[in-house]
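Note that the structure is a prediction, hence the values are computed from the model and not measured.
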Amino acid sequence: MVRLGFIIGFIALVGALLSGLAAYRVHDQELTLDRIAMARAIDVHASLVQDRLTERELLARVASGLFHTPSVIKADMLQPLRASIYAFKTDFVVAGWIARLKPGELDTARAELARAGFPNPSIRSYDDSPRDTSALTQPIDVLMDVEPRNARTISFPGRSLDQNPVLERMFMQAMNEGKPVASDPIPLSLHGPIGLVLAAPVKQDGGSPVGFVTFSYELASLMLTNDDLALFSVVLKDPQRADQELIADDRGAVSERAVNPSGSPPSAVRTVTFGGRDWSLGYYAKTNAAKRANQTAAIVAAIGCALTGIICGLFGYVAYNNLRLSREIQVRIGFERRLTAVIDELNHRVKNILAVIQSIVTRTLRHGSNIDVARELLIGRIHAMSNVVSLLSESRWQGVNLKGLFEARAIPHSERIAVSGPDIAVSARAAQSLSLLFFELASHSDEGLSLVGKHPHIVAHWEVTGEEPDAIFHFRWEEFNTSAATRREDSDFGVILLDRVAPEALGGTSQRYFTDVSYVYELTAPMVTVVDMTERDRTEQLSRR
């Protein structure tokens with residue numbers, strides 16, 4: 001009996017010790033998982049918010065870049081931009097055209113507002129009260145057009161916004177910096193939701209701003225409203241009042257609340273950029289992870305102590321369960337690391353593509369260009385970029401067959417191009433540059449008839465000379481029966497692309513010239529930059545993870 005009691009006591013002691021150990025491990029694991037889940041959820045939310053803000057700032061830049069101002073006093077200036085601003089689907093509340101009008105232009109503005117059918121064409125203050133314009137000596141900012149036009153917004157035009165304490169400061173900053181600027185959080189209308197106004201300056205002939213294209217957004221849609229099932233609640237720090245913060249509920253209503261100095265600080269703070277400013281998002285955890293971990297540990301310990309009679313089975317179960325949980329944590333951590341690496345790589349590539357598209361839009365739609373020609377070139381260049389991205393996606397960014405860049409869906413007049421050369425799979429970076437290069441060459445090959453009265457015949461040929469690692473890529477584009485008199489000169493964007501951007505991207509050199517019967521463009525670059533095995537290996541490693 002004594003011996004049995006000793007064995008039972010020893011088993012009970014071992015069971016108690018193992019139960020305590022299991023409780024400690026579960027407590028630690030619960031805290032670790034909660035921290036990982038919370039940090040990942042916060043990073044994903046902040047990334048989504050930043051992406052949403054970037055889309056809206058890009059809309060403002062594109063709208064101001066496409067804006068054409070034959071007369072700043074016109075009241076229907078947003079009509080040509082309707083298709084563009086709605087294509088972005090950025091759920092703005094109101095878009096507006098705000099013109100900077102001199103005192104002598106106000107009478108003309110009233111007449112233009114009346115002609116456009118706005119019910120109150122008089123020049124008024126931002127709160128709709130009458131404004132005495134007879135004593136003005138400086139230009140004022142007057143709302144001349146809105147989009148959409150409905151029963152709520154049609155009465156807005158005619159208001160002067162330069163006296164608004166928030167918007168006036170925003171307009172001055174946007175005018176001084178020459179780029180989109182966001183306002184402080186303000187009510188978008190009387191007793192309306194809290195939101196932000198983004199103003200993009202519009203310049204005429206490269207001079208000072210003649211007005212602003214504005215977009216107003218509800219703050220809840222920018223912050224991404226809090227979900228009841230979310231691990232945290234999100235607040236926006238008021239940039240003007242350190243003791244206040246803005247929070248959106250699950251219905252999208254934004255309210256102010258005072259910061260409790262003695263309360264718990266946010267679990268995390270993330271900074272996002274919008275309208276030339278940094279905004280701080282605070283994340284408060286909805287549950288007490290330590291309390292929940294303690295409760296879980298107590299339950300495990302109680303179960304272990306109650307089941308001392310089957311301590312061996314419990315020990316095996318606990319050991320197996322701990323091993324399984326440890327492996328799951330390691331797998332989860334490894335998955336999070338791989339996912340972060342893939343997201344970082346994707347963000348890098350998307351930012352590069354957006355930078356290229358922004359450069360294309362800026363140079364194609366420069367001031368003074370023919371809008372019809374510029375629109376066709378812009379559509380074609382973006383189509384060329386879209387085609388190469390599709391090809392890269394199909395190959396999982398492992399490279400693109402060079403002949404695939406000459407398909408009819410991306411290259412104009414491809415039926416007149418005789419393509420020859422060895423099969424080469426060029427890198428993603430090289431494919432983007434070469435796709436734009438081929439489109440630029442092809443888009444200028446049909447500007448007029450050739451020397452023999454027909455469209456010029458085109459030969460695109462490439463070859464590789466030398467041995468690895470010193471192999472050289474040679475590309476030659478030749479348009480026969482073409483001369484300087486029959487072929488239109490390359491555009492400014494085309495010259496920069498042909499002579500500088502494409503050669504520098506491939507680490508090579510280029511030249512273009514006319515022979516007696518043809519126009520020739522030649523590009524020479526090292527194969528190590530055309531193929532770029534370093535980039536391909538990195539992409540392949542990400543795909544295998």
Side-chain angles (χ1 to χ4, degrees), residues 352-353 355-364 374 376-392 399-447 456 458-464 472-479 482 487-514 518-532 535:
N352 285 344
I353 293 174
V356 173
I357 293 177
Q358 182 178 5
S359 176
I360 291 174
V361 172
T362 301
R363 294 187 176 277
T364 304
E376 293 299 325
L377 287 175
L378 177 60
I379 293 173
R381 289 164 180 166
I382 294 180
H383 191 189
M385 283 294 298
S386 173
N387 178 63
V388 74
V389 171
S390 299
L391 294 175
L392 288 170
V400 175
N401 189 289
L402 188 55
K403 291 183 179 180
L405 298 179
F406 285 92
E407 292 183 2
R409 61 180 179 180
I411 302 298
H413 321 303
S414 60
E415 70 281 357
R416 294 191 288 103
I417 303 176
V419 179
S420 63
D423 288 335
I424 298 175
V426 299
S427 66
R429 179 181 180 185
Q432 294 176 16
S433 300
L434 289 174
S435 179
L436 286 176
L437 174 68
F438 297 159
F439 171 81
E440 202 64 33
L441 289 169
S443 64
H444 285 76
S445 67
D446 199 31
E447 296 297 337
I458 304 170
V459 174
H461 175 75
W462 62 88
E463 61 182 6
V464 178
I472 302 297
F473 172 78
H474 301 276
F475 173 78
R476 178 183 177 89
W477 173 283
E478 187 167 8
E479 300 172 17
T482 301
R487 190 181 192 275
R488 194 183 70 174
E489 294 184 358
D490 293 309
S491 62
D492 293 341
F493 177 86
V495 171
I496 294 175
L497 177 66
L498 298 175
D499 293 349
R500 190 179 69 189
V501 175
E504 289 181 357
L506 300 178
T509 59
S510 67
Q511 60 177 340
R512 51 191 176 89
Y513 55 88
F514 285 92
S518 64
Y519 168 79
V520 179
Y521 175 81
E522 295 181 339
L523 174 65
T524 302
M527 279 297 292
V528 292
T529 60
V530 175
V531 177
D532 197 355
E535 177 190 76

Nearest non-hydrogen partners of Ser420 and His461, listed with the distance = OG-ND1, 2.8 Å
Reference residue Trp462; test side-chain contact (heavy atoms from CB on, under 4.5 Å); the match among Lys403, Arg476, His474 | Lys403
So, the side chain of Ser510 versus the backbone of Pro503: is there a donor-acceptor pair under 3.5 Å, distance only?
-> no
Plane angle bin for Phe475 and Phe473 - parallel if under 30°, tilted between 30 and 60°, otherwise perpendicular = parallel
List the steps, then state whether side-chain contact (heavy atoms from CB on, under 4.5 Å) holds for Leu402 with Val419.
-> CA-CA 10 Å; Leu402 188 55; Val419 179; over 6 Å; no
Specify the closest pair of heavy atoms between Ile424 and Met527, including all atoms of both residues, with the distance to one decimal.
-> CG2-CE, 4.3 Å
Interatomic distance, OG1@Thr529 vs CG@Leu506, rounded to 0.5 Å, equals 5.5 Å
Check the pair Val520 / Glu522 against side-chain contact (heavy atoms from CB on, under 4.5 Å), numbers first and verdict last.
-> CA-CA 7 Å; Val520 179; Glu522 295 181 339; 3.7 Å; yes
Got a second to check how far Leu437's CG is from Leu523's CG, nearest 0.5 Å?
-> 6.5 Å
For Glu479 and Tyr521, test the side chains for any donor-to-acceptor distance below 3.5 angstrom and give the result as yes or no.
-> no
Locate the shortest heavy-atom distance separating Glu478 from Ser518; write the atom from each residue and the value.
-> OE2-OG, 2.8 Å
Shortest non-hydrogen contact from Ser433 toward Ala505 | OG-CB, 3.3 Å
About how many Å separate CZ of Phe514 and OG1 of Thr482, when rounded to the nearest 0.5 Å?
-> 7.5 Å
